[in-house]
2 protein chains.
Amino acid sequence: MARTADPDRVARMRDRIMSGAADVFAMRGFEGASVADVARAAEVSPATVFYYFGDKATLFRSLFEQDIPKAEALVARYADADDAVRAIVDVVESLAKDATDPRAPALLIELLRRTGRDPELLDVVRRSASVIHEGLTTLIERGLESGQIDASLDARETASWLQSVVDAAYLNARPGHCPAPALRRTVLRYLAPENRGGP
Amino acid sequence: MARTADPDRVARMRDRIMSGAADVFAMRGFEGASVADVARAAEVSPATVFYYFGDKATLFRSLFEQDIPKAEALVARYADADDAVRAIVDVVESLAKDATDPRAPALLIELLRRTGRDPELLDVVRRSASVIHEGLTTLIERGLESGQIDASLDARETASWLQSVVDAAYLNARPGHCPAPALRRTVLRYLAPENRGGP
DNA sequence: GTCTATATTTAGATAGAC
DNA sequence: GTCTATCTAAATATAGAC
């Protein structure tokens, strides 16, 4: 067909394959999903998938490369927030919001798993995770200075813990059940100083 | 060698293979681990592994079958506790204690993953998870009655959430880092009534 | 660029000797 | 009971036509 590289058409084809890949990887897992399955879902031949992505690991990784700019945008949005604790809760809830996609838990699991085995994937994940981690750490430090957050907490460790809690909320997300209220309560109470009587 | 079925020897052999399997499954994942790898780790032949476990899925599942009696014992130990909140914290910390095993995070992920694909494994997991869930629910109800726990919380939902938080401790587990303090703080503050000044 | 057809590799599982 | 040897199936990746 088109002899010339049409960037738009290339992008559309990549999206189509990646969308099929998200379905299939979520349903069957990385190893359980064959490239033939992905090709069928995208209504192309297996060779076409390899033509666009080179190999299966690269196809999988490409699903998460979009997370880096998304993380950067999220952190930037709250960088200048006045109310640090409120900003932290908003960031955490934004992260958890993606869990509404029914494929999200399964894909997160595949991601965590593959991360230990694919160094390039690890790099992608580390980049987006550390953007979030830095963003949260900054907000926590601000809350510590203003006295909004319990002075006995370490900013970086607390940021890691909050990220883990978000991940756990994802993993246990069940259809028709929103984790946001429990998550919000958890974060607010975890951060609060105990000077007003607390437990 | 021994012509007669010696239950003790059988148990030792099973343990030896399962120990190797835990290493290999944690390191390479379920699909990534070949039975040949497990056999090598246990210093037997692949055929011996199949002789004892039938197939790879059964071998994997057997790693988690021991969790059911362990869960029952844990719940029983705190069934008659006077201080409900203290008992809840103890149960949760006991659950998280296994996270110190460096293989634990990887195995948890494999477990969650395989659960959606192996109905028999799902059954095993459900059994031990529901033992814990029932135990926690009972303790939470007791804390609600005594006013130790915030009356606005639903016992069953809170039990589920606490189980998620334990998962978070697993996910956050890194060598040389103890999750207990963050976990304890999270649980205590989540449960506390807000009548004394709250968040 | 997209396909069909296939080469290659690998791993789960079994047969049968000892 | 444990081994060696092997069968079989499946999937990644490529070659080459169109």
Side-chain angles (χ1 to χ4, degrees), chain A residues 1-21 23-63 110 113-114 117-121, chain B residues 1-63 110 113-114 117-118 120-121:
Chain A
M1 321 284 173
R3 253 149 283 152
T4 297
D6 176 351
D8 226 44
R9 218 182 62 84
V10 169
R12 272 202 307 280
M13 188 56 128
R14 285 181 57 96
D15 281 352
R16 181 168 141 198
I17 295 171
M18 282 165 62
S19 166
D23 288 342
V24 176
F25 283 134
M27 202 139 83
R28 309 169 102 100
F30 180 80
E31 289 90 347
S34 73
V35 174
D37 293 330
V38 174
R40 210 169 307 125
E43 297 180 299
V44 295
S45 81
T48 301
V49 176
F50 285 105
Y51 176 80
Y52 278 91
F53 291 91
D55 63 16
K56 192 170 136 178
T58 302
L59 169 59
F60 184 72
R61 199 183 325 127
S62 70
L63 295 179
E110 290 308 307
R113 226 170 74 82
R114 290 289 308 161
R117 273 140 222 156
D118 177 350
E120 296 190 70
L121 180 63
Chain B
M1 321 278 174
R3 252 151 284 149
T4 296
D6 176 352
D8 227 45
R9 214 183 64 84
V10 170
R12 273 201 307 279
M13 188 56 128
R14 283 180 58 96
D15 281 352
R16 181 168 140 199
I17 295 172
M18 283 165 62
S19 166
D23 289 341
V24 176
F25 283 133
M27 204 139 83
R28 310 171 102 101
F30 180 80
E31 289 91 348
S34 73
V35 174
D37 292 331
V38 174
R40 211 170 305 123
E43 295 180 300
V44 294
S45 80
T48 300
V49 175
F50 284 106
Y51 176 79
Y52 277 92
F53 292 92
D55 64 16
K56 192 170 135 177
T58 302
L59 169 59
F60 183 73
R61 200 184 322 129
S62 70
L63 295 180
E110 289 307 307
R113 222 172 76 82
R114 290 290 308 162
R117 272 141 219 155
D118 176 350
E120 296 191 69
L121 180 62

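In what follows, chains carry the letters A, B, and so on, assigned in the order in which the sequence lines appear, proteins first and then strands, with residues in each chain numbered from 1. The shown structure was predicted, so the numbers you read here are calculated from the model rather than taken from an experiment.
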Legend entry - Rounded interatomic separation in angstrom, taking CZ from A/R12 and C1' from C/dT2: 16 Å

Legend entry - Minimum side-chain heavy-atom gap B/P46-B/V49 below 4.5 Å: no

Inset, instruction - Between protein and nucleotides 11-18 of chain D, map the contacts as a letter string: B base, S sugar-phosphate only, - none, heavy atoms under 4.0 Å, written 5' to 3'. - result: SSBBB---

Inset, instruction - For atom CZ of B/R28, decide whether the heavy atoms of other residues, nucleotides or ligands shown that lie under 6.0 angstrom number more than 12. - result: no

Inset, instruction - Fit a plane to each ring of A/F30 and A/F60, take the angle between them on a 0 to 90° scale, and name the class: parallel (under 30°), tilted (30 to 60°) or perpendicular (over 60°). - result: perpendicular

Inset, instruction - Please determine if B/R40 and B/D37 form a salt bridge, counting it only when a charged side-chain N lies under 4.0 Å from a carboxylate O. - result: yes

Inset, instruction - State the CG-OG1 distance between A/D118 and A/T58, to the nearest 0.5 angstrom. - result: 8.0 Å

Inset, instruction - May I have the distance from B/R14 (atom CZ) to D/dG1 (atom C1'), rounded to whole angstrom? - result: 15 Å

Inset, instruction - For residues A/M18 and A/Y52, determine if any side-chain heavy atom of one lies less than 4.5 Å from a side-chain heavy atom of the other. - result: no

Inset, instruction - For the helix from C/dG1-D/dC18 to C/dC18-D/dG1, figure out the bend between the end axes, five pairs an end, and round to 10 degrees. - result: 10°

Legend entry - Rounded distance in Å - CD (A/E43) to C1' (C/dT2): 15 Å

Legend entry - Under-4.0 Å side-chain N/O to phosphate OP1/OP2 contact, B/T48 with D/dC3: yes

Inset, instruction - Figure out the CG/C1' separation between B/L59 and C/dA13, and round it to whole Å. - result: 14 Å

Legend entry - side-chain N/O B/R9 vs D/dT2 OP1/OP2, d < 4.0 Å: yes

Legend entry - Exercise: identify the closest heavy-atom pair between B/S62 and B/R14: CB-NH2, 4.2 Å

Legend entry - Heavy-atom check, side chain of A/R114 versus side chain of A/E31, under 4.5 Å: yes

Legend entry - B/Y52 OH to D/dC3 P, straight-line distance once rounded to whole Å: 10 Å

